[in-house]
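Computation of the quantities below employed the complete heavy-atom set of this structure, encompassing side-chain atoms and omitting hydrogens, waters and symmetry-equivalent molecules.
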Amino acid sequence: MAAESLLKPVINQAFFTRSVHEVAPDLIGAILTVDGVGGVIVEVEAYHHTDPASHSYRGMTPRNAIMFGPPGYIYVYRSYGIHWCVNIVCEDEGSASAVLIRALEPRHGVDLMQQRRGMDELRLLCAGPGRVCQALGIIGADNGARLNFPAKGGGTPSRFILRPRIHDAAIVSGPRIGISKAVDAPWRFGLRGSPYVSKPFPE
DNA sequence: CAGTGGATGCTCT
DNA sequence: GAGCATCCACTGT
């Protein structure tokens with residue numbers, strides 16, 4: 001896995017029409033906000049449609065239908081009956097793949113995130129997929145929302161804004177968290193040295 | 001700190 | 001009816 005990755009990628013639909021294993025590390029360092037609240041993406045996981053750990057592995061169901069649609073859309077699902085988790089859909093080899101957003105470095109709307117999370121400590125505000133959704137106010141109704149691609153014919157702007165990173169980023173990778181299949185595949189990516197990840201990466 | 005277990009709801013078998 | 005792409009509180013060092 002490349003230690004350094006693309007400087008300032010252009011975030012458009014083509015960005016998400018690539019191998020999900022390339023898209024995922026390229027999202028590290030980008031800024032994700034929902035209604036202006038969010039921060040720098042410091043941890044993600046890639047889920048390819050041929051991956052037994054992916055929701056799309058067994059084909060389309062009502063829950064994962066968004067994954068089978070066009071890339072650049074938001075897939076939200078409930079985890080363990082309690083938490084929401086947010087993904088960005090990718091089109092990899094013509095079928096459903098996605099990148100799970102696992103942690104952010106809080107930057108925008110910190111007060112609101114602290115209020116929603118019921119805690120002040122920045123390091124734990126967005127350190128985990130459930131925490132990211134709670135801090136950013138992402139819920140099931142956001143499933144199927146669209147990222148702000150360059151406007152084509154107007155329409156209401158999305159709550160979800162993704163801006164590319166502006167500095168190069170040192171990427172680390174390792175096995176994913178909380179899964180029971182394909183447990184050794186190194187498809188979790190993080191910003192090297194970030195204290196805002198959900199769990200340290202082995203260096 | 002590390003380890004355990006409870007909360008909770010929806011999907012798919 | 002089982003099994004989760006989780007988090008938090010609580011236990012015992």
Side-chain angles (χ1 to χ4, degrees), chain A residues 16 19-25 27-28 32 34 38-39 41-69 71 73-92 95-106 113-145 160 171-191 194-202:
Chain A
F16 297 106
S19 165
V20 72
H21 302 123
E22 295 178 16
V23 175
L27 285 172
I28 299 298
L32 176 68
V34 177
I41 297 175
V42 296
E43 181 185 344
V44 299
E45 287 178 356
Y47 288 89
H48 190 262
H49 67 276
T50 58
D51 170 6
S54 173
H55 286 178
S56 57
Y57 180 64
R58 288 161 216 276
M60 188 163 67
T61 67
R63 175 176 68 160
N64 67 20
I66 292 298
M67 290 184 75
F68 290 80
Y73 282 71
I74 299 297
Y75 168 48
V76 179
Y77 67 91
R78 198 187 277 284
S79 175
Y80 292 91
I82 302 176
H83 308 284
W84 297 106
C85 295
V86 63
N87 297 250
I88 302 176
V89 173
C90 294
E91 189 177 317
D92 183 350
S95 192
S97 300
V99 178
L100 171 67
I101 307 299
R102 287 196 53 93
L104 305 181
E105 174 183 335
M113 289 194 281
Q114 288 171 327
Q115 187 180 320
R116 286 169 171 163
R117 293 271 298 115
M119 55 139 28
D120 290 338
E121 193 179 347
L122 287 184
R123 194 177 62 80
L124 297 177
L125 220 46
C126 303
R131 291 164 172 169
V132 167
C133 286
Q134 188 180 24
L136 273 59
I138 298 168
I139 58 173
D142 292 307
N143 187 44
F160 290 79
I171 311 294
V172 290
S173 65
R176 294 171 294 180
I177 294 180
I179 56 172
S180 58
K181 295 162 188 163
V183 293
D184 292 327
W187 293 331
R188 173 179 179 238
F189 302 93
L191 181 61
S194 173
Y196 298 100
V197 297
S198 64
K199 191 180 166 193
F201 283 79

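Formation of a donor-acceptor pair under 3.5 Å by the Ser95(A) side chain with backbone atoms of His49(A) is not found in this model. When atom types are taken as modelled, the side chain of Gln114(A) and the backbone of Asp120(A) share a donor-acceptor pair closer than 3.5 angstrom. Between the side chain of Glu45(A) and the main chain of Ile177(A), a donor-acceptor pair closer than 3.5 Å is present. A donor-acceptor pair is defined here as one N or O able to donate and one able to accept, closer than 3.5 Å; such a pair exists between the side chain of Asp92(A) and the backbone of Val20(A).
Side-chain contact between Ile41(A) and Ile101(A) is present, with heavy atoms from C-beta onward closer than 4.5 Å. Taking the side chain as every heavy atom from C-beta outward, Ile66(A) and Val89(A) approach each other to under 4.5 Å. Counting heavy atoms from C-beta outward, Val44(A) and Arg188(A) have side chains that stay 4.5 Å or more apart. Looking at Glu43(A) and Tyr196(A), their side chains never come closer than 4.5 Å, going by heavy atoms from C-beta outward.
Contacts of Asn87(A) classified as side-chain hydrogen bond (donor to acceptor under 3.5 Å, both in side chains), with partners at least two apart in sequence or in another chain: none.
Within residues 80-92 of chain A, the residues that place at least one heavy atom under 4.0 Å from DNA chain B are, in residue-number order, Tyr80(A), Gly81(A), Ile82(A). The stretch residues 129-142 of chain A touches DNA chain C through Pro129(A), Gly130(A), Arg131(A), each having a heavy atom within less than 4.0 Å of the strand.
Residue Leu100(A) is classed as a base contact, given a heavy-atom separation below 4.0 Å to a base. Here Arg188(A) lies out of heavy-atom contact (under 4.0 Å) with every strand.
Bracketed by its first and final contacts, the part of DNA chain C lying under 4.0 Å from non-hydrogen atoms of chain A reaches from dC4(C) to dC8(C) in 5' to 3' order.
Following rounding to the nearest Å, Lys199(A) (NZ) and dC1(B) (P) show an atom-to-atom distance of 16 Å. Remark: C1' of dA7(B) and CZ of Arg78(A) are 12 Å apart, rounded to the nearest angstrom.
For the pair Arg63(A) and Leu124(A), nearest-nucleotide mapping onto DNA chain C gives the more 5' position to Arg63(A).
When all heavy atoms are compared, the tightest approach of Gly59(A) to Asn64(A) is O-ND2, 3.0 Å.
Both cation-pi conditions hold for Arg176(A) and Tyr47(A): the charged atom is under 6.0 angstrom from the six-membered ring centre and inside a 45 degree cone around its axis.
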Can you give me every donor-acceptor pair (side chain of residues 128-141 of chain A, partner residue at least two apart or in another chain, under 3.5 Å) with its distance?
unit_1: Arg131(A); atom_1: NH1; unit_2: Ala127(A); atom_2: O; d: 2.8
unit_1: Gln134(A); atom_1: OE1; unit_2: Arg117(A); atom_2: NH1; d: 2.8
unit_1: Gln134(A); atom_1: NE2; unit_2: Arg116(A); atom_2: O; d: 3.4

(request) Give the intermediate values and the outcome of ring-ring contact (aromatic ring centres under 6.0 Å, His included) for residues Tyr73(A) and Tyr75(A). (result) CA-CA 7 Å; Tyr73(A) 282 71; Tyr75(A) 168 48; over 10 Å; no
(request) Convert the base pairs of DNA chain B into dot-bracket notation, remembering that pairs crossing earlier ones are written with [ ] and that bases paired across to another strand are shown as |; include only Watson-Crick or G-U pairs under 3.5 Å. (result) |||||||.||||.
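For the P atoms, the distance from dA2(C) to dG6(B) is 16 Å, rounded to whole Å.
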